[in-house]
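What follows is a single structure, written as structure tokens, with notes after it.
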Amino acid sequence: MRKTTLGYLLTAVSLTILLNGCGSSGAKTGDSGQKSANNEQTFSVVAKQEIPSIDASVTNDVVGWGVLKNTSEGLFRADKDGKLIPAGAAESPKISEDGLTYTIKLREDAVWSNGDPVVAADYVYGWQRTVAPKTASEVAYLFESIKNYQAIMDGQAPAEDLGIKALHDYELEVTLEAPVPYMESLLSLPPFFPQNEKTINKSGKKYASSSEHMVYNGPFVLSDFEGAGTDTKWSYVKNEKYWDQANVKMEKINFDVVKEDATALNLFQDGQTDDIVVTGELAQQMVDDPAFFSQEMSNATYVEYNQTKKEFQNENIRKAISYALDRQTLVDQVLGDGSIAATGLVPKNMSFNPETEADFVKDSGNHLKYDPEKAKASWEKAQKELGIDTLKINLLSSDADSAKKVVEYMQGAIQGTLKGVTVEVSSVPLSVRLERGNQGDFDMILVGWGAEYNDPSVFLELFASDNINNSGKYNNKEFDKYLKASAMTDAGNPKARWTDLLEAEKVLMDTMGVCPVYQKAEAHLRNPKVKGILPSGPEYDYKWTFIE
């Protein structure tokens with residue numbers, strides 16, 4: 001999933017509440033959950049950040065992905081049990097014996113919100129638009145398994161040569177470079193959604209800048225969204241042209257951006273919202289409230305070092321910072337929301353050994369330990385190697401309360417352990433944080449990434465030397481070698497591929513190319529009358545129940 005940037009780590013704005021049933025609007029904790037006077041089925045959510053973008057070819061954060069997953073639809077979706085089911089597709093794909101060709105029939109009753117039919121050409125156009133070099137998409141790398149992707153990236157072939165064809169209006173053919181065990185999961189992600197060329201051409205540069213300049217093929221349409229990165233209020237409204245609209249009983253879902261946890265709690269307790277995210281002291285105080293629940297996420301939160309800068313090219317500086325962090329204290333005392341101290345980059349309870357079924361985290365081992373003495377020793381080595389006595393670091397994060405708490409903890413831990421190191425904290429709006437990350441305008445940056453599919457590669461590939469999301473520019477040939485083997489040479493050999501991925505994480509952690517901090521859990525206060533709705537995440541089902 002996407003760059004979440006702490007403070008919006010798979011949080012409520014991407015709530016996958018595609019609902020079926022009755023709802024309340026602003027019902028107080030423990031009250032009767034009455035519907036509004038006009039009997040409208042509504043649900044109110046506090047969001048932690050603004051929406052940076054809703055363009056499927058560009059969006060690379062969980063906020064935008066959450067909007068797209070609720071208002072648009074691709075070939076497949078995950079149901080409430082996490083099982084992939086046909087959505088825009090009419091049935092499961094036909095796969096060639098060599099695993100390289102997928103033939104997919106499309107649903108013939110799907111239409112866009114402007115009345116246009118959703119046809120195979122919309123998928124072809126959307127995919128080609130995303131990989132076209134002029135788009136400069138940060139999510140184009142997800143297409144690397146599709147035939148001719150690399151040639152397109154290298155400027156040796158046009159985007160039209162990408163391995164996707166419209167056999168006719170309602171049938172697609174997708175050709176791969178190598179077998180991909182999670183291909184259908186990829187096809188459920190927003191970058192693989194269809195796009196309406198007519199709307200994009202008509203809107204021009206204004207496309208996806210507001211709800212007016214957008215078209216939808218999902219259960220909801222976006223309403224009252226007036227500006228990417230700035231608007232603090234928007235809504236999802238039931239899409240009456242959605243092919244399965246009869247099963248979408250929720251009429252409207254309202255979002256209101258509130259970044260201060262205490263303010264959000266007041267709104268919840270006053271009955272002005274049905275769902276908020278809580279962290280730190282508030283989470284600990286509310287843990288026994290009937291409205292409280294916490295859910296573990298397949299999410300890694302980590303610090304990237306800007307390795308274009310001489311100081312962070314030094315491995316001992318990177319190790320010193322990692323050793324200075326007491327991750328258990330951070331998750332227990334600062335976050336208090338059920339988050340888990342990281343032992344490596346890949347989160348636990350997500351991917352499992354194809355032979356033994358052991359968790360990847362167990363097979364990989366604990367790469368991260370709190371050790372102040374090793375931190376000091378590594379810092380002393382770095383000082384000698386670089387010829388410096390002091391170091392000033394800017395630590396960048398988003399500006400939500402949870403983000404601020406985490407970077408302030410890290411600031412104290414690093415300065416308190418490493419004599420001569422000064423950490424300055426910069427907490428900025430998410431859109432600014434994303435832009436600065438993309439431009440390499442940071443020393444250290446706190447990032448969260450959620451799994452699009454349950455495979456270690458979803459995290460490890462971020463740090464391939466040529467991955468556009470590798471903001472810190474980590475570059476290690478041995479790491480790249482193992483990743484390439486897992487994707488190509490050993491793609492059809494589950495045992496060998498598993499070993500490749502374990503070795504890749506070991507190289508990444510041995511060099512401290514990135515500094516994992518914790519695996520995110522998300523603590524909510526939710527109207528107790530609301531049942532059966534899971535919080536944010538890459539898997540969703542619009543038929544989940546909202547019960548009075």
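Just so it is clear, the structure is predicted and the values come from calculations on it, not from any experiment.
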In terms of side-chain heavy atoms, does Arg433 have a donor or acceptor partner in Ser398 at a distance below 3.5 Å?
-> no

Using only heavy-atom distances, determine whether the side chains of Asn299 and Gln519 contain a donor-acceptor pair under 3.5 Å.
-> no

Side-chain donor/acceptor pairs under 3.5 Å, residues 257-268, sequence neighbours excluded:
{"from": "Lys259", "atom 1": "NZ", "to": "Glu50", "atom 2": "OE1", "distance (Å)": "3.4"}
{"from": "Lys259", "atom 1": "NZ", "to": "Glu50", "atom 2": "OE2", "distance (Å)": "3.1"}
{"from": "Lys259", "atom 1": "NZ", "to": "Asp399", "atom 2": "OD1", "distance (Å)": "3.1"}
{"from": "Lys259", "atom 1": "NZ", "to": "Asp399", "atom 2": "OD2", "distance (Å)": "3.0"}
{"from": "Asp261", "atom 1": "OD1", "to": "Lys48", "atom 2": "NZ", "distance (Å)": "2.2"}
{"from": "Asp261", "atom 1": "OD2", "to": "Thr279", "atom 2": "OG1", "distance (Å)": "3.0"}
{"from": "Asn266", "atom 1": "ND2", "to": "Ala262", "atom 2": "O", "distance (Å)": "3.4"}

Leu162 side chain reached by Tyr149 side chain, heavy atoms, under 4.5 Å = yes

Check the side chains of Asn148 and Asp161 for a donor-acceptor pair under 3.5 angstrom, ignoring hydrogens and angles.
-> no

Closest non-hydrogen contact found for Ile104 with Pro93 is CG1-CB, 3.7 Å

Does Thr135 reach the main-chain N or O of Ser137 with its side chain, forming a donor-acceptor pair under 3.5 Å?
-> no

Look at the side chain of Asn470 and the backbone N and O of Asp466, then say whether any donor-acceptor pair between them is shorter than 3.5 Å.
-> no

Identify whether the distance between the nearest side-chain nitrogen and carboxylate oxygen of Lys241 and Asp116 falls below 4.0 Å.
-> no

Taking C-beta and beyond as the side chain, do Gln245 and Asn239 meet within less than 4.5 Å on heavy atoms?
-> no

Say whether, by atom type as modelled, one donor and one acceptor occur between the side chain of Ser223 and the main chain of Tyr236 under 3.5 angstrom.
-> no

So, the side chain of Glu304 versus the backbone of Ser471: is there a donor-acceptor pair under 3.5 Å, distance only?
-> yes

Could you pull out the closest heavy-atom pair between Ser72 and Phe193, with the gap in Å?
-> CB-CD2, 3.6 Å

Taken to the nearest 0.5 Å, the spacing of Gln128 CD from Glu197 CD works out to 9.5 Å

Closest non-hydrogen atoms of Asp359 and Pro347, given as atom of the first, atom of the second and distance, are OD1-O, 4.4 Å

Pairwise distance CD(Glu461) to CG(Leu501) - rounded to 0.5 angstrom = 10.0 Å

In plain terms, say whether Asp122 and Lys198 are close enough for a salt bridge, that is, a side-chain N and a carboxylate O under 4.0 Å apart.
-> no

Given Ser44, which of Asp274, Asp256, Ile276, Ile253 fulfils the side chain to side chain contact (heavy atoms under 4.5 Å, CB included) condition?
-> Asp274

More than 12 heavy atoms from other groups under 6.0 Å of CD on Glu212 = no

Are side-chain N/O atoms of Ser53 and Asp55 paired as donor and acceptor at under 3.5 Å?
-> no

Does some side-chain heavy atom of Phe43 sit less than 4.5 Å from a side-chain heavy atom of Asp275?
-> yes

Keeping the roles fixed (side chain from Ser203, backbone from Ile200), state whether a donor-acceptor pair exists under 3.5 Å.
-> no

Might you point out which heavy atoms bring Asp337 and Ala521 nearest each other, and give the distance in Å?
-> OD2-O, 3.2 Å

Under 3.5 Å side-chain donor-acceptor pair for Tyr216 and Glu73 = no

Kindly check if the number of other-residue, nucleotide or ligand heavy atoms within 6.0 Å of NZ (Lys105) is above 12?
-> no

Between atom CG of Leu75 and atom CG of Leu186, what is the distance when rounded to the nearest 0.5 Å?
-> 11.5 Å

Does Lys238 use its side chain to pair, donor to acceptor, with the backbone of Val248 at less than 3.5 Å?
-> yes

May I ask you to check whether Ser351 and Asn454 show a side-chain donor-acceptor distance below 3.5 Å?
-> no

Closest heavy-atom pair and its distance - Thr130, Pro191 | OG1-O, 4.0 Å

Should the pair Trp127 and Phe192 be assigned to parallel (<30°), tilted (30 to 60°) or perpendicular (>60°) ring geometry?
-> perpendicular

In Å, rounded to the nearest 0.5 Å, how long is the span from CG of Leu68 to CG of Asn217?
-> 10.0 Å

Step through it carefully: locate the ring centre of Phe293, locate the ring centre of His524, and say whether they are under 6.0 Å apart.
-> yes

Glu357, CD atom: more than 12 neighbouring heavy atoms under 6.0 Å = no

So do Arg497 and Asp455 actually touch side chain to side chain, heavy atoms under 4.5 Å?
-> yes

Please tell me if the side chains of Ile54 and Phe225 come closer than 4.5 Å, counting only heavy atoms from C-beta onward.
-> yes

Classify the ring geometry between Tyr453 and Tyr182 as parallel (under 30°), tilted (30 to 60°) or perpendicular (over 60°).
-> parallel

With the side chain counted from C-beta on, respond yes when Asp61 and Leu434 share a heavy-atom pair under 4.5 Å apart, and no when they do not.
-> yes

Do Leu525 and Met286 touch side chain to side chain, with heavy atoms closer than 4.5 Å?
-> yes

